[in-house]
Undergrad: 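Shown below is the structure under consideration.
Positions are given from 1, in the same order as the sequence printed here.
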Amino acid sequence: MHLKFVFLIIILSFGESVIGQISQPLRYEIEIDNFTDEYYIVSAKENGLFLFKEMDKRTEDNESIWEIIRLDTSLQEVNRSEVIINNKFSFRGYSYDNGQFVMLFQEGYDFAKDLLFLTFSINSDTFKSYVYENVVPIRLSEFEVKNDAVVLGGNVNMRTVVLMYNFTAKRGVVLPGFYDERSSLLQIVSKTDDDWIRVITSDRLPSKRYGITVRAFNTMGEPIFQENLQAKDDLSLTDGRIINSSDGGNLLAGTYSIKRRTETSRGIYVADLERENQDKIRYYNYANLENFFNYMKERRKDRVLKRIARKKIKGKKLRFSYRLFVQDIVRQDNQNILIGEAYYPTYSNRSSGYGYSSYTYDAVFNNTSSQVFDGYKYTHAVIIAFDDDGKLLWDNSFEINDLKSFQLEEHVHLAFLENEIVMLYLFNQELKIKVIKGSELIEGKFTESLKLMYESDEMKSNDEELEGLKQWYGNNFYAYGVNRVKNLKEKNIKLNRKVFFINKIVVE
């Protein structure tokens with residue numbers, strides 16, 4: 001445990017929202033100081049959570065020390081350990097699958113040379129380490145674990161490369177078929193019901209349009225199948241997600257765009273990879289979705305819908321372009337549910353009062369300015385359900401216009417009740433919640449504040465950049481972040497404390 005962490009507390013609280021039955025039965029806190037980084041959190045599903053961070057202290061040989069904590073679903077500590085890492089390795093990523101948590105370290109800053117894997121099992125208090133003497137200096141971007149293997153993706157010389165290391169065989173291989181300047185890596189899919197890993201790439205076609213390729217491998221790196229997918233006419237497929245269940249068939253869904261454009265999309269496509277004919281892909285333009293524009297204010301929404309109606313009467317094309325971050329597809333009650341979060345990049349002007357004269361190379365005053373990326377702003381999330389043939393069943397949406405982040409990641413999550421779906425996300429210590437039933441609205445957007453540890457606690461500040469909400473298991477979620485809290489009433493509680501916290505959220 002970090003030497004400056006002075007206590008750890010768990011408490012029960014029983015606050016509950018009437019609508020949607022949102023409860024926060026547990027909160028976990030670790031007191032931290034002003035110089036301490038937050039913990040990484042990894043969901044182990046019904047087996048709890050892994051927390052880990054690099055500690056400030058180092059060994060006499062200047063080696064780094066990492067603290068790993070495992071909690072059960074009651075947020076009780078199961079195990080705590082420290083791991084020493086050779087100082088030539090730097091932390092690069094983590095993944096969890098089937099009771100095994102894996103940490104990835106690499107030698108080298110930009111490009112990975114040798115790779116170090118630390119594996120932790122929920123059935124053991126010890127860990128194992130493996131070194132992959134990598135002969136391919138790769139810039140890593142993807143990392144997943146599947147059974148007894150890990151898969152790593154990235155690029156070498158601006159070309160896609162995918163590696164696999166098998167823990168049982170203690171052998172690494174470069175997966176075939178990827179080293180192509182026209183191909184870019186979209187996703188490595190490990191969370192499927194079979195024992196295969198899928199790798200999804202975007203491929204530039206000779207026509208300058210873009211298609212999708214899905215390749216499957218076993219955990220020894222042997223190819224199983226390859227499926228190439230191309231859109232009709234002048235369309236491009238910009239990304240793709242595979243359904244997270246073998247029950248729904250071999251379905252792929254994502255966004256499509258026109259011609260060569262890949263940064264924005266015109267709608268959603270759903271493809272059945274098992275079909276042999278040209279009708280394997282269904283296209284759903286954003287303008288044809290029933291509730292896509294519900295995030296707008298009523299007057300603006302009415303103007304847009306009237307514009308769509310006029311274009312349909314005249315037989316004109318519907319051209320609405322959005323950037324959509326597509327989440328993994330969820331299988332629920334014989335439906336396949338896709339969530340996409342609409343966003344746009346923002347920029348700020350940064351000015352500098354000093355520059356350099358091109359004549360004297362001396363510092364002089366000049367009023368120069370430049371645009372600097374200032375994060376992604378979100379507008380709304382769209383939720384779409386389709387059957388096993390890719391046919392649209394219903395759609396709905398959720399306005400999320402208060403969200404902003406510097407990385408594209410999942411914000412909106414779903415809880416499935418008997419007849420309803422609860423949509424929720426976290427912003428500034430408040431849960432934002434909406435309840436739907438298919439395309440119907442059951443309960444409009446409402447909020448519930450995250451609960452603090454004690455009744456007399458008051459939050460002084462919250463670090464919005466460090467907070468988050470993640471799906472845990474079933475209809476259980478966890479919210480996390482860093483708070484500054486004061487307590488003026490309770491005797492045995494510090495007046496002021498800075499804490500890293502985890503709140504358990506239950507939807508019933």
Undergrad: Suppose we call two aromatic rings close when their centres sit under 6.0 Å apart. Are Y343 and F325 close by that rule?
TA: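 So the answer is no for these two rings.
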
Undergrad: Has R159 got its NZ or CZ under 6.0 Å from the middle of the six-membered ring of Y179, at an angle within 45 degrees of the ring axis?
TA: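 Yes; both conditions hold, so R159 lies above the ring face of Y179.
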
Undergrad: Is there a donor-acceptor pair closer than 3.5 Å between any side-chain N or O of S265 and the backbone N or O of Y322?
TA: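 Side chain of S265 to backbone of Y322, a donor-acceptor pair under 3.5 Å: yes, one is there.
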
Undergrad: Is the Lys NZ or Arg CZ of R27 less than 6.0 Å from the centre of F501's six-membered ring, within 45° of the axis?
TA: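 Output yes; distance and angle both within limits.
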
Undergrad: What class does the angle between the rings of F50 and F120 fall in, given that below 30° is parallel, 30 to 60° is tilted and above 60° is perpendicular?
TA: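 Geometry flag for F120 against F50: tilted rings.
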
Undergrad: For F406, look at atom CZ and say whether over 12 heavy atoms of other residues, nucleotides or ligands are found less than 6.0 Å away.
TA: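 Yes, enclosed.
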
Undergrad: Run the salt bridge (Lys or Arg N to Asp or Glu O under 4.0 Å) check on R182 and D203 step by step: do they pass?
TA: CA-CA 6 Å; R182 296 172 299 177; D203 303 297; over 6 Å; no

Undergrad: Rounded to the nearest 0.5 Å, how far does OG1 of T255 lie from CG of L324?
TA: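 Taking CG in L324 and OG1 in T255, the distance rounds to 6.5 Å.
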
Undergrad: Run the salt-bridge test on R484 and D463 with the 4.0 Å N-O cut-off and return the result as yes or no.
TA: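 Result for this pair is no, no salt bridge flagged.
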
Undergrad: Would E458 and K489 pass as an ion pair if we require N to O under 4.0 Å?
TA: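 Looking at K489 together with E458, the answer is no, because their closest N to O distance does not fall below 4.0 Å.
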
Undergrad: Donor-acceptor pair, E341 side chain versus H411 backbone, under 3.5 Å?
TA: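 Yes: the side chain of E341 pairs with the backbone of H411.
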
Undergrad: At what distance, to the nearest 0.5 angstrom, does OG of S397 lie from CD1 of I384?
TA: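 Between S397 OG and I384 CD1, I get 10.5 Å after rounding to 0.5 Å.
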
Undergrad: Look at the aromatic rings of F217 and F178 and report parallel, tilted or perpendicular, splitting at 30° and 60°.
TA: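 F217 and F178: tilted rings.
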
Undergrad: Does the D61 side chain pair with the main chain of E63, one donor and one acceptor, at a distance under 3.5 Å?
TA: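 The answer is no, because no donor-acceptor pair under 3.5 Å joins these two groups.
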
Undergrad: Evaluate whether atom NZ of K128 has more than 12 neighbouring non-hydrogen atoms of other residues, nucleotides or ligands under 6.0 angstrom away.
TA: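 12 or below, so no.
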
Undergrad: Looking at G474, is its backbone amide N or carbonyl O close enough to the side chain of Q471 to form a donor-acceptor pair, meaning the two atoms are under 3.5 Å apart?
TA: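 Looks like yes, one N/O pair under 3.5 Å.
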
Undergrad: Determine whether the aromatic ring centres of Y94 and F52 lie less than 6.0 Å apart.
TA: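 Yes, ring centres under 6.0 Å apart.
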
Undergrad: Measure from NZ or CZ of K53 to the centre of the six-membered ring of W66 and say whether it is under 6.0 Å with the direction within 45° of the ring axis.
TA: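 Not flagged: K53 not positioned over aromatic ring of W66.
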
Undergrad: Cation over ring, R204 on Y210, under 6.0 Å and within 45°?
TA: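 Output no; distance or angle outside limits.
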
Undergrad: Would you call the rings of F117 and Y132 parallel, tilted or perpendicular if under 30° counts as parallel and over 60° as perpendicular?
TA: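 Ring orientation of F117 relative to Y132: parallel.
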
